[in-house]
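What you see below is based on every heavy atom in this structure, not just the backbone, and it leaves out hydrogens, waters and symmetry mates. Remember, it's 1-based here, ligands and their atoms both numbered in the order they're listed.
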Amino acid sequence: MALAASEGDVCLPLAQLAQDEAIACTADVLRANLLESGVAVLAAPLPPRDCAHPLVLDADDRLYLRRFFDLEQRLAAALVTRARAPAQAVPPTLRTTLDKLFKPRTTPGPDWQKLAVALALQGRLTVISGGPGTGKTTTVAALLACLLELTPTLRIALAAPTGKAAARMLEALRARAADLPAKLRKRLPAEAHTLHRLLGVTPVAGRFRHHAGNPLAVDVLVVDEASMLDLALATRVLDALPPDARLILLGDKDQLAAVEAGAVFAELSAARVFSAHTLEQLALLTGTPAQALADLPTPATSTALADSVVWLTESHRFRHDSGIGRLAANINAGEGTEALAWLRGGEDASARWIDDEGARPSEATLNAMEAGYAPYLAALRAPAVDAQARAAAAFAAFDRFRVLVAVHEGGRGLVALNAHLERVLRAALDLPPERGPGHAWLGRPVIVLRNDALLGLYNGDIGLCLPDDSGMLMVFFPQPGGSYRCIAPLRLPAHDTAFALTVHKSQGSEFEEVLLVLPAKPVRVLTRELLYTGVTRAARQVTLAGPARVFAAGCGLRTVRLSGLAARMSAQP
Ligand SMILES: Nc1ncnc2c1ncn2[C@@H]1O[C@H](COP(=O)(O)OP(=O)(O)OP(=O)(O)O)[C@@H](O)[C@H]1O
């Protein structure tokens, strides 16, 4: 079970477990043995309160670690309670506001951004799924404008699983809110938090200061990059949210799931289903012709998350047929061979392919890696007025490009590519030979691997080693408001070099250009979701380097996360 959890699964179906070579018996025999031995207890529908069994078996023969069963049960109940909360009346005056915020469309079809706002105005749980640039943040800016118009004193919190994602969200929200009246803009939050910081980290792992007994003082919580939410964190967020607060989850259902167990966002946003009554209300509020909504699924029996899920599918950042959009669509559809045909033909400069089959990256791949960081090298060499100005220039140059990888080890993995780029940069800057792994040197980018609440650093934060105004090498981290704070290298929690990042660690970030280096052989972690997430980190240009068969195999491989969340939500009384 622990192995399954480490691969992201929340539970294991008994039938699958029974096929394991080490177990080799029927599911019936396995069930009887587990229950008789006292290792597992039946959930009917919940396990008895005071039992000490480490495993729980549910009515559909899913076997859980006790902790995961409790979390999943709690999360399902909390989500369904929120989704079923009676619809809130929306004053008709908001129709005028919505019309002002969303100009009539020039393209056919309903305006899903406007519909998403109308839906979120009525409910306490709204899940908005969309690929890059589909207007999720713009939608939230409009929603907050409507809510603030109704309640000027509304307490809004913005959060994301990583510091980078939180900072991007705040920046994007400010930009999207630029057209709002100044009195509303002023009331938007000035900060976005990591979820850990919002919930309040305590010295006890997994315990937060805010929970059901000490809820967050918020009326609306917006969580961006929600596909990175694992089961445990999602449960803590729901626990800490006051019952009448609104929760808005933004994410991309096609992206990689969290590193830890669970694929909460993908499960929540898998289907969008509306009741006939809600569609009627939405049509009224948004002025959408009922005909335009007629094709939407309206099941006879309501589903757990009916009227809570919206998909945004139109990218405003790049056209569907532009290189990055087209490649992302091919990957999502499992069309690796089709993608390779046009990538190899060099049809679109925004998506490039380097045929590279060796155990180590070819000359062409290494050249692309080094060329990508040439502007960063130039920024490190350039004179600067002061340390803050140098940090701003260095971050701007560093953040425009990133090397992404699927695996840690091997000649094409994270460690090897970081080592290569370190050697190249040190040679170019005439730095003395390495003094061993982990020390500071001018220009070293670092990624934080552990939360350190005291220092205010969180897993995934990225800093750059640069001189401070006294010439001492420090690690600079961006902070809200655009300035940089610096921390002595020796004080940093566990960290690593960050020229190359795993695709997992790149979630929540976006770069002008991305070079995605694939491994030499197909591996289990190289899935459709990983390729999609990697490719969609690029805003302007993506280059893939690897063997064609590895890319094609990855497009054909879907991530399967075993979980019972959807079933448990449907089973809620
Ligand atoms: N309805 C629209 N019409 C035209 N442009 C739009 C529309 N909605 C959003 N945009 C523009 O598209 C770009 C992306 O919008 P936005 O940041 O809201 O998308 P997102 O889904 O939050 O993106 P991300 O992938 O960064 O999370 C922005 O430049 C925004 O101004």
Side-chain angles (χ1 to χ4, degrees), residues 97-118 120 126-146 158-180 185 188-189 192 222-229 248-256 265 269 286-288 292 309-320 322 324-325 327-329 331-332 350 399-400 402 503 506-514 529 532-542:
T97 312
L98 278 174
D99 288 344
K100 271 196 217 140
L101 288 165
F102 295 96
K103 301 285 172 260
R105 278 166 64 85
T106 48
T107 45
D111 185 341
W112 274 106
Q113 290 176 291
K114 191 175 184 184
L115 286 160
V117 173
T126 309
V127 180
I128 302 177
S129 173
T134 48
K136 300 178 294 292
T137 317
T138 308
T139 305
V140 165
L143 169 66
L144 296 180
C146 291
L158 306 176
T162 66
K164 186 83 193 165
R168 266 195 72 213
M169 176 196 201
L170 185 67
E171 193 185 321
L173 188 73
R174 286 212 182 123
R176 307 296 167 263
D179 296 336
L180 297 180
R185 236 178 22 233
L188 288 174
V222 183
V223 179
D224 200 4
E225 299 292 345
S227 49
M228 294 165 80
L229 281 176
I248 318 291
L249 297 176
L250 306 178
D252 182 349
K253 64 184 172 52
D254 297 318
Q255 268 194 36
L256 274 175
F265 190 80
S269 53
T286 59
T288 308
V309 181
V310 175
W311 295 347
L312 302 180
T313 52
E314 192 182 334
S315 179
H316 300 285
R317 190 166 299 143
F318 32 76
R319 290 203 332 265
H320 186 68
S322 77
I324 300 171
L327 180 55
I331 291 170
N332 263 344
S350 68
D399 279 343
R400 58 166 289 287
R402 197 67 84 249
V503 175
S506 75
Q507 272 181 287
S509 298
E510 185 184 84
F511 312 99
E512 284 282 288
E513 292 177 26
V514 161
E529 289 77 7
Y532 172 84
T533 306
V535 163
T536 55
R537 295 312 87 210
R540 204 172 52 77
Q541 185 182 68
V542 63

Using the side-chain contact (heavy atoms from CB on, under 4.5 Å) rule, take D111 and T288 through it: C-alpha gap first, then chi angles, then the decisive distance, then the call.
-> CA-CA 8 Å; D111 185 341; T288 308; over 6 Å; no

For L256 and Y532, what are the C-alpha separation, side-chain angles and deciding distance, and is it a side-chain contact (heavy atoms from CB on, under 4.5 Å)?
-> CA-CA 8 Å; L256 274 175; Y532 172 84; over 6 Å; no

Please state whether G130 comes within less than 4.0 angstrom of ligand 1, counting heavy atoms only.
->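 No, G130 has no heavy atoms under 4.0 Å from ligand 1.
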
For M169, is the nearest heavy atom under 4.0 Å from an atom of ligand 1?
->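 Not so, M169 does not reach ligand 1.
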
Heavy-atom neighbours of E171 CD exceed 12 at 6.0 Å |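 Counting other residues, nucleotides and ligands, CD of E171 stays at 12 neighbours or fewer.
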
Checking side chain to side chain donor-acceptor pair (under 3.5 Å) against E512, which of R400, Q541, R540 comes through?
-> R540

So among L312, T286, V310, which one has a side-chain contact (heavy atoms from CB on, under 4.5 Å) with L115?
->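 Answer after filtering L312, T286, V310: T286.
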
Residue that, paired with L158, satisfies side-chain contact (heavy atoms from CB on, under 4.5 Å) out of V223, I248, D224, V222 = V222

Could R537 and E510 be called an ion pair, given the rule that one side-chain N must be under 4.0 Å from one carboxylate O?
->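 Result for this pair is no, no salt bridge flagged.
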
Electrostatic pair R402-D399, nearest N-O below 4.0 angstrom |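 Between D399 and R402 there is a salt bridge, with a charged N closer than 4.0 Å to a carboxylate O.
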
Please step through side-chain contact (heavy atoms from CB on, under 4.5 Å) for the pair S129 and V309, ending with a clear verdict.
-> CA-CA 8 Å; S129 173; V309 181; 5.7 Å; no

Quick test: of every protein heavy atom, which one is nearest to [atom], and how far off is it to 0.1 Å?
{"atom": "atom 27 (O) of ligand 1", "value": "K136 NZ, 3.5 Å"}
{"atom": "atom 19 (O) of ligand 1", "value": "G135 N, 3.0 Å"}
{"atom": "atom 25 (O) of ligand 1", "value": "G133 N, 2.9 Å"}
{"atom": "atom 8 (N) of ligand 1", "value": "Q113 NE2, 3.1 Å"}

Within ligand 1, which atoms have a heavy atom of [X] less than 4.0 Å away?
{"X": "P132", "answer": "25 (O)"}
{"X": "R176", "answer": "15 (O), 16 (P), 17 (O), 18 (O), 28 (C), 30 (C), 31 (O)"}
{"X": "R168", "answer": "24 (P), 26 (O)"}
{"X": "T137", "answer": "17 (O), 18 (O), 20 (P), 22 (O)"}

Are any of the N or O atoms of T139 closer than 3.5 Å to those of ligand 1?
-> no

Looking only at distances, please establish whether an N/O atom of ligand 1 is found under 3.5 Å from an N/O atom of T138.
-> yes

Part of A172 with heavy atoms under 4.0 Å of ligand 1, whether side chain, backbone, both or neither = neither

Minimum non-hydrogen distance to atom 4 (C) of ligand 1, winning option of K103, E171, H316, R537 | H316

